[in-house]
Trainee: 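First, the structure itself, so that you have it in front of you.
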Amino acid sequence: MFQPIDVSFYQQPTLELARSLLGKLLVKETELGTASGWIVETEAYIGPGDRAAHSFGNRRTRRTDVMFGPPGYVYTYVMHTHCLINVVSGESGHPEAVLIRALEPCTGIGLMYERRGPDKKLQALTNGPGKLTKALGIEKEDYGRSFFAPPLYIAEGKNIESIAAGPRIGIENSGEAKHYPWRYWAMGNPFVSRL
DNA sequence: CTGAGGATTGGCT
DNA sequence: GCCAATCCTCAGT
């Protein structure tokens, strides 16, 4: 179907990777079929110094363990009733990651409607971190997979003309870190989670 | 074993 | 805008 991007792509500084991921295609193959979308919004989390990161203070638990490994692997975790997905970044021993917050649907849109419900506007399918995982069929069991081979991988997509940056969403209790402009999105794209 | 706390979402006021 | 849903994960007893 699509060609996964090589491992070396993930070996760049986390803030650069967060921007480089915009426009790339996130693909998930399941028994029900394949669904994919262009990444249009990301957030960088750079432990151990980032109070908003799960790995703040080098906190290593069963949940954050994959963040301490090499880049290019899948970090999923459950938030309330939803699953969120991150791309592990940074060298081994540096627990950093990029949260994927929104997609623009590409292929398998019918499948996305089956998973998200039929009475949705197109943009409501994938314009949030918990929505896009449900639309693509990504689950916490994907934790620890790599992003450079099926069934879950990232491929080349389309060029993003203009990238906007601003504070990250939903981290009010993170002290100074809440001001860091580590959220990136494709300017003007209607599928980003918030303006 | 128990309790508290979320990198959210969708429905209702 | 407010708030409940709902379920891990983690830390403390």
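All chains are named by letter (A, B, ...) in the order of the sequence lines, taking the proteins before the strands, and each is independently numbered beginning at 1.
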Trainee: Between B:dT8 atom C1' and A:Arg116 atom CZ, what is the distance in whole Å?
Mentor: 11 Å
Trainee: Please determine, for the side chain of A:Pro129, which listed nucleotide (B:dA7, B:dT9, B:dG6) has the closest atom?
Mentor: B:dT9
Trainee: Please give, in whole Å, the distance from B:dG5 P to A:Arg63 CZ?
Mentor: 15 Å
Trainee: Below the 4.0 Å mark, does B:dA7 have OP1 or OP2 next to a side-chain nitrogen or oxygen of A:Asn86?
Mentor: no
Trainee: Whole Å only: how far is the CD atom of A:Glu96 from the C1' atom of B:dA7?
Mentor: 16 Å
Trainee: Separation of A:Asn173 atom CG from B:dA7 atom C1', in whole Å?
Mentor: 12 Å
Trainee: Measure from OH on A:Tyr45 to P on B:dG6 and round the result to the nearest Å.
Mentor: 13 Å
Trainee: With side chains defined as the heavy atoms from C-beta onward, is the minimum distance between A:Ile5 and A:Tyr153 less than 4.5 Å?
Mentor: no
Trainee: Please state whether the phosphate of C:dT9, meaning OP1 or OP2, lies under 4.0 angstrom from any side-chain nitrogen or oxygen of A:Lys140.
Mentor: no
Trainee: DNA chain B: A:Ser174 or A:Ala124, which has the more 5' nearest nucleotide?
Mentor: A:Ser174
Trainee: Do A:Tyr73 and A:Phe148 make the cut of ring centroids closer than 6.0 angstrom?
Mentor: yes
Trainee: Using 4.0 Å as the upper bound for N to carboxylate O, is an ion pair formed by A:Glu43 and A:Arg101?
Mentor: yes
Trainee: Taking a pair as Watson-Crick or G-U wobble with both distances under 3.5 Å, which nucleotide is matched to C:dT6?
Mentor: none
Trainee: So if I take every side-chain heavy atom of A:Thr61 and compare against B:dT9, B:dG6, C:dC10, which nucleotide ends up nearest?
Mentor: C:dC10
Trainee: Please classify the nucleic acid contact of A:Arg183 as base, sugar-phosphate, or nothing, using heavy-atom distances under 4.0 Å.
Mentor: nothing
Trainee: What do you reckon, do A:His80 and the base of B:dT8 stack, with centroid distance below 5.5 Å and planes below 30°?
Mentor: yes
Trainee: Just the rounded figure in Å: distance from P of B:dG10 to CE of A:Met79.
Mentor: 14 Å
Trainee: Using heavy-atom distances to pick each residue's nearest nucleotide on DNA chain C, tell me which of A:Thr81 and A:Arg59 is more 5'.
Mentor: A:Thr81
Trainee: Measuring from the side chain of A:Ile171 (C-beta onward, heavy atoms only), which nucleotide among B:dG10, B:dA7, B:dG6 has the closest atom?
Mentor: B:dA7
Trainee: Establish, yes or no, whether a centroid distance under 6.0 Å links the rings of A:Tyr75 and A:Tyr77.
Mentor: yes
Trainee: Once you round it to whole Å, what is the distance between P of B:dT8 and CG of A:Leu103?
Mentor: 15 Å
Trainee: Calculate the interatomic distance between A:Leu84 atom CG and B:dT9 atom P; express it in whole Å.
Mentor: 7 Å
Trainee: So that I can tick it off, tell me whether A:Glu176 and A:Arg51 are bridged by a salt bridge, with the cut-off set at under 4.0 angstrom between side-chain N and carboxylate O.
Mentor: no
